[in-house]
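Below you'll find the structure, written out as structure tokens, and then a few comments.
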Amino acid sequence: MEVPGLAHNITSPLSPCEGMIKDLSLDAIQLCEREGSKSQDSSISEMEALPVPQNIKISNITCDSFKICWDMEPRTKERITHYFIDLNKKENKNSNKFKHKDVPTKLVAKAVPLPMTVRGHWFLSPRTEYTVAVQTASKQTDGDYTVSEWSEIVEFCTADYSTVHLNQLLEKAEVISGRMLRFSVFYRNQNKEYFDHAREVQGNRMLPSVKDNSGSHGSPISGKLEGVFFSCNTEFNTGKPPQDSPYGRHRFEVRADALFNPDTNLYFGDFYCMYTAYHYVILVLAPKGSQGDEFCKQRLPALDISNNRFLTCKRDEEGDGGLVFHHAQDVILEVIYTEPVDLQSGTVAEISGHQLMSMSTVNAKKDPSCKTCNISVGR
């Protein structure tokens with residue numbers, strides 16, 4: 001059973017929700033430390049032992065919520081009025097010290113039927129390991145509490161963003177995508193050694209590699225999806241790829257229709273920035289029926305290849321009927337192609353510009369304070 005409204009059922013003295021339990025002070029919670037297994041808070045009475053929660057189970061885990069339940073002796077349930085939940089990031093050695101005033105680790109819940117849903121983006125982040133322990137408590141007439149010993153400590157890891165969260169990111173990205181510019185090639189910059197290795201060791205192919213951890217922390221493709229990264233942004237005054245790149249002075253260029261055509265599915269992957277004015281949108285190109293396509297179908301919002309705000313492929317009805325391609329002007333597109341790419345399908349040449357290392361997005365961390373590209377779940 002989900003607790004009906006976190007603001008009234010699960011809270012912390014430092015959580016931003018309304019309807020807090022006023023009569024449990026910050027000092028009382030901070031002193032409620034797990035020394036051995038008993039609470040040492042002098043304001044909490046220990047008149048009669050309450051049952052210790054046993055066999056704790058965590059289920060229905062999302063990026064910002066989970067369900068928790070445990071076993072208790074039926075004869076003592078009537079005495080329990082509250083649950084104390086100690087929730088901490090696994091790497092936090094001291095489970096009862098607040099790292100930041102907006103990141104509470106102590107939750108107080110009224111005793112409701114189990115399982116109970118714990119939900120809150122201000123203290124749960126996606127893809128993060130946590131520990132949790134529980135006490136049962138009985139509120140006395142004088143405002144003090146009788147508490148049980150702490151339960152065993154259980155570990156769990158929160159999940160990735162769901163398609164619901166990704167659609168929220170998608171909608172935010174659409175707002176700033178800007179007008180569409182025509183382009184004709186995808187390109188990939190690397191150093192000379194990369195292309196030499198592809199020719200000599202990889203059968204003249206660029207092979208997919210696992211995406212790094214850049215972008216949103218909850219992105220379901222980070223560390224999981226394999227692909228070859230490409231760019232397609234052009235300079236608005238020339239219509240050609242820029243001559244500068246953060247990734248290397250050698251560039252592979254391939255005709256856009258070699259990677260993007262009616263036999264390709266297009267997916268939205270992420271939207272982020274790196275403490276700068278530039279915003280990035282990650283898109284995935286997957287040939288229909290490929291392993292990458294199956295991966296994305298289960299995790300990412302699909303886009304109409306001929307009608308979306310980021311990257312389009314459509315027939316030129318006014319010309320020769322060939323395919324024409326457009327990209328969004330006001331965001332930097334990072335395109336992941338999920339299959340190997342043969343170097344013979346394009347050309348490799350040295351660019352004349354500079355290698356702008358400061359523009360690299362390799363393992364770049366998303367700015368959690370940006371209102372443009374963040375949503376109301378864990379960052």
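Reckoned from all heavy atoms, side chains included, excluding hydrogens, waters and symmetry mates.
Ser177 meets the side-chain hydrogen bond (donor to acceptor under 3.5 Å, both in side chains) test with Arg309; sequence neighbours excluded. Residues passing the side-chain hydrogen bond (donor to acceptor under 3.5 Å, both in side chains) test with Glu200: none are found, sequence neighbours excluded. Every side-chain contact (heavy atoms from CB on, under 4.5 Å) that Tyr275 has, sequence neighbours left out, goes to Asp367, Pro368. In this structure Val228 satisfies the side-chain contact (heavy atoms from CB on, under 4.5 Å) test together with Arg188, Met206, Pro208, Phe230, sequence neighbours excluded. Qualifying side-chain contact (heavy atoms from CB on, under 4.5 Å) partners for Ala159, counting only residues two or more places apart in sequence or in other chains: none. Arg127 pairs by the salt bridge (Lys or Arg N to Asp or Glu O under 4.0 Å) definition with Asp160, not counting sequence neighbours.
Residues Leu170 and Pro301 come closest through the heavy atom pair CD2-CB, 4.4 Å. Ile305 and Pro262 get closest at one heavy-atom pair: CD1-CA, 3.9 Å. Across Ser125 and Tyr130, no two heavy atoms sit closer than the pair N-OH, 2.8 Å. Taking every heavy atom of both residues into account, Ile80 and Tyr83 meet most closely at CG2-CE2, 3.7 Å. Across all their heavy atoms, Lys211 and Ser222 have their closest contact at NZ-OG, 3.1 Å. The two residues Thr163 and Leu300 have their closest heavy-atom pair at CG2-N, 4.2 Å.
Looking only at distances, a side-chain donor or acceptor of His165 sits under 3.5 Å from a matching main-chain atom of Ser162. Not a single donor-acceptor pair under 3.5 Å links the side chain of Asn265 to the backbone N or O of Lys288. The backbone N or O of Ser306 sits less than 3.5 Å from a side-chain atom of Lys314, completing a donor-acceptor pair.
Atoms CD and CD1, on Glu155 and Ile56 in that order, are 12.0 Å from each other to the nearest 0.5 Å. Here the OG1 atom belonging to Thr131 is positioned 12.0 Å from the CD atom belonging to Glu152, to the nearest 0.5 angstrom. Put simply, CG on Leu87 and CD1 on Ile85 are 8.0 Å apart, with the number rounded to the nearest 0.5 Å. Here Leu107 contributes atom CG and Phe84 contributes atom CZ; the two are 11.5 Å apart, rounded to the nearest 0.5 Å.
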In sequence, state the C-alpha distance, the side-chain angles, and the governing distance for Thr146 and Gln140, and then conclude on side chain to side chain donor-acceptor pair (under 3.5 Å). CA-CA 7 Å; Thr146 299; Gln140 307 302 302; 3.2 Å; yes

Between Asp212 and Ser214, does the side chain to side chain donor-acceptor pair (under 3.5 Å) criterion hold? Intermediate values first, please. CA-CA 6 Å; Asp212 64 12; Ser214 61; 2.7 Å; yes

Could you go through Ser216 and Ser219, starting from their C-alpha distance and side-chain angles, then the distance that decides it, and tell me whether this counts as side chain to side chain donor-acceptor pair (under 3.5 Å)? CA-CA 5 Å; Ser216 300; Ser219 171; over 6 Å; no

Evaluation steps, side chain to side chain contact (heavy atoms under 4.5 Å, CB included), between Lys366 and Asn374: CA-CA 9 Å; Lys366 181 174 183 175; Asn374 279 295; 3.4 Å; yes

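For the pair His327/Thr234, a side-chain contact is recorded, criterion being any heavy-atom separation below 4.5 Å from C-beta on.
For an aromatic pair to be called close, the ring centres must be under 6.0 Å apart, and Tyr247 with Phe229 fails this.
Transitive grouping of hydrophobic side chains (ILVMFWY, heavy atoms separated by less than 4.5 Å) keeps Phe310 and Phe236 in distinct clusters.
Between Phe186 and Phe183, the angle of the ring planes goes over 60°, which puts this pair in the perpendicular group of the 30/60° scheme. Between Tyr280 and Tyr272, the angle of the ring planes stays under 30°, which puts this pair in the parallel group of the 30/60° scheme.
Around the NZ atom of Lys224, the shell of radius 6.0 Å holds more than 12 heavy atoms that belong to other residues, nucleotides or ligands.
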